[in-house]
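What follows is a single structure, written as structure tokens, with notes after it.
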Amino acid sequence: MPQARSNPRPFSPYEFLIAWRYLRARRAEGGVSVMTWISLIGIALGVAALIVTLAVRTGFREEFVDTILGANAHSSVYMSPGSFTNELTGEVYMTPGTIPDYTEMAARLAAVPGVTRTAPVVKGQVMATASDRANVAEVFGVTAEDFAKIPRVVDPETAMGDVAKFDQGIAIGSGIARELGVGIGDRIRLIAPEGAQTAFGTTPRVNAYEVTYIFTAGRYDIDRTRVYMPLTEAQSYFNREGVADEIEVYVDDPERVADWTLPLIDAAGQGAQIWTWQDSSGSFLRALDIEDDVMFIILSVLVLIATMNITSGLIMLVKNKGRDIGILRTMGLTEGAILRVFFLCGAFTGIIGTILGVVLGIVVSLNVDHIMALMNGSWDPSVRGIYELPAKLRLVDIGKAVGLSLFLSFLVTIIPASRAARMNPVEALRYE
């Protein structure tokens with residue numbers, strides 16, 4: 001009694017061999033090499049565009065957050081304005097939201113678990129002038145010890161001057177120095193609108209200070225407007241003797257800064273309010289996240305369009321290989337084997353195109369700043385806020401691009417491969 005023939009296991013070596021031969025066949029032999037190349041190029045460009053976009057998005061967000069966190073506090077604790085009533089006249093007077101016991105409050109805030117350091121600050125708006133030039137500036141009054149701990153500001157590689165001489169003058173951003181045309185050792189005048197109290201009212205206060213330090217924080221808007229002044233001098237200059245405007249707080253995980261809001265309010269006491277870096281920049285970060293999602297969807301559509309060329313190529317291949325399909329079926333190949341052969345034809349195209357796209361995307365991502373400079377000229381930090389176009393490759397982003405491309409490549413091959421599997425061998429041999 002003859003034994004029943006057993007079906008070969010799926011994706012046997014001969015199925016790979018047939019599929020690879022069809023892909024390499026010349027058009028005169030019934031191949032579709034031109035369509036294969038078009039599919040490869042389309043998929044490679046789509047995957048490369050997706051990887052570059054994800055890398056630039058990741059790099060831009062990290063650079064933006066890093067410059068914010070480097071030059072700004074993670075949270076700021078300040079007091080709400082209060083009021084008191086004159087018992088003799090019954091008039092109500094508003095009191096500014098200053099912090100008289102800022103040393104004790106800073107110590108209480110520093111004791112909160114997760115807080116790395118605190119710094120009392122006095123802030124004020126001034127007009128900075130030198131010779132016949134002027135520039136609006138924001139003054140931060142801090143102690144020399146706290147100033148030396150600001151990472152993006154106190155950087156020996158980008159800054160000029162001696163940080164140890166901070167108490168002898170002021171520190172200004174590189175943008176202010178460029179606008180005013182000053183350097184280390186030069187003197188600039190700071191004009192505050194709310195100055196000395198006289199019998200004729202409030203007169204502007206004008207003081208001259210020596211520039212002892214010039215920093216580059218990495219953000220154009222900060223470098224162009226920020227001035228650091230010793231705390232005691234700032235208290236005298238802005239009429240804040242014995243008080244601070246706010247206390248800056250730094251935590252060990254800035255991305256989760258909202259988790260410290262309630263503990264900081266409890267430690268600060270009644271009337272305290274919190275303003276975090278996410279409150280000031282959260283809308284921009286949310287806009288970035290929304291833009292990222294939209295860009296991913298758009299580029300996913302581009303990858304889908306590129307993979308549709310695989311369907312066109314496979315349909316032509318099935319039509320040209322009708323006689324071969326009939327012969328293979330009469331030789332004993334099952335419908336499943338025929339389906340897998342043409343599925344592998346499309347899969348090979350998708351895999352090779354994806355690999356080329358990953359290589360191209362990585363190369364472009366690593367040189368995106370130079371490429372953009374060649375295409376659009378110099379990078380304008382006054383518009384974009386940062387000094388270069390950053391790009392950071394992450395395995396998860398590359399994995400998302402690869403996974404999307406392979407999934408779509410495999411998906412679009414199912415219909416033409418199924419059509420080839422359902423082809424009647426008798427009809428195929430008759431008309432071929």
Side-chain angles (χ1 to χ4, degrees), residues 71-73 75-84 93-106 109 118-130 134-150 153 165-173 175-177 179-180 182 187-215 217 221-249 268 271-275 280:
N72 296 298
S75 291
S76 295
V77 179
Y78 62 96
M79 303 301 292
S80 302
S83 63
F84 72 94
Y93 295 90
M94 297 298 298
T95 59
T98 56
I99 306 174
D101 58 338
Y102 59 86
T103 303
E104 294 79 5
M105 182 181 292
L109 295 174
T118 57
V121 176
V122 171
K123 289 184 178 181
Q125 299 286 335
V126 300
M127 176 68 72
T129 63
N135 193 78
V136 177
E138 183 178 16
V139 175
F140 282 60
V142 297
T143 64
E145 181 182 2
D146 293 329
F147 177 76
K149 296 178 181 178
I150 305 177
V153 171
K165 296 182 179 180
F166 174 68
D167 279 334
Q168 302 176 17
I170 59 174
I172 65 175
I176 298 178
E179 292 288 336
L180 299 181
V182 298
R187 299 179 68 85
I188 64 175
R189 292 185 302 276
L190 300 183
I191 305 173
E194 296 182 2
Q197 300 290 337
T198 67
F200 301 97
T202 303
T203 61
R205 174 166 288 166
V206 181
N207 283 0
Y209 297 95
E210 179 183 350
V211 177
T212 59
Y213 196 81
I214 300 176
F215 60 86
D221 53 345
I222 293 176
D223 295 336
R224 194 174 181 271
T225 61
R226 187 162 298 186
V227 173
Y228 286 95
M229 179 184 294
L231 179 61
T232 54
E233 179 60 28
Q235 289 173 325
S236 174
Y237 183 77
F238 290 108
N239 298 323
R240 303 283 201 279
E241 286 82 357
V243 300
D245 290 325
E246 62 185 49
I247 297 178
E248 295 183 341
V249 179
Q273 297 189 25
I274 304 293
W275 182 261
S280 59

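In this text the structure is predicted, and so the values were computed from the model without any measurement.
Using a 4.5 Å heavy-atom cutoff, the side chains of Ile222 and Asn72 are in contact.
Nearest heavy-atom pair, Glu248 versus Ala73, reported as atom, atom and distance to 0.1 Å: CB-CB, 3.4 Å. Shortest non-hydrogen contact noted between Phe215 and Val153 is CB-O, 3.3 Å. Annotation for Lys123 and Phe140: closest pair CE-CE2, 3.3 Å, computed over non-hydrogen atoms. Contact detail for Gln168 and Thr212: the closest heavy-atom pair is C-CG2, 4.2 Å. The minimum heavy-atom distance between Ala268 and Leu109, with the atom names listed, is N-CD2, 4.0 Å. Taking every heavy atom of both residues into account, Asp146 and Thr118 meet most closely at OD1-O, 3.8 Å.
Between the side chain of Tyr237 and the backbone N or O of Leu190, at least one donor-acceptor pair lies under 3.5 Å. A donor-acceptor pair is defined here as one N or O able to donate and one able to accept, closer than 3.5 Å; such a pair exists between the side chain of Gln235 and the backbone of Val243. Asn135 contributes a side-chain N or O that, together with a main-chain N or O of Arg224, makes up a donor-acceptor pair within less than 3.5 Å. Asp223 places a side-chain N or O within donor-acceptor distance of the main-chain N or O of Ala217, the cut-off being under 3.5 Å.
Ring centroid separation for the pair Phe147 and Tyr213 comes in under the 6.0 Å cut-off.
Exactly one residue among Val121, Ile172, Val126, Val122 makes a side-chain contact (heavy atoms from CB on, under 4.5 Å) with Val139. That residue is Val126.
With sequence neighbours left out, Glu145 forms a salt bridge (Lys or Arg N to Asp or Glu O under 4.0 Å) with Lys149. With sequence neighbours left out, the side chain to side chain contact (heavy atoms under 4.5 Å, CB included) criterion links Tyr78 to Glu246, Gln273, Trp275.
Remark: Arg187 CZ to Glu210 CD distance equals 6.5 Å, nearest 0.5 Å. Put simply, CE on Met127 and CD1 on Ile188 are 12.0 Å apart, with the number rounded to the nearest 0.5 Å. Here the CE atom belonging to Met229 is positioned 6.0 Å from the CD1 atom belonging to Ile170, to the nearest 0.5 angstrom. Arg205 contributes atom CZ, which lies 5.5 Å from atom OG of Ser236 (distance to the nearest 0.5 angstrom).
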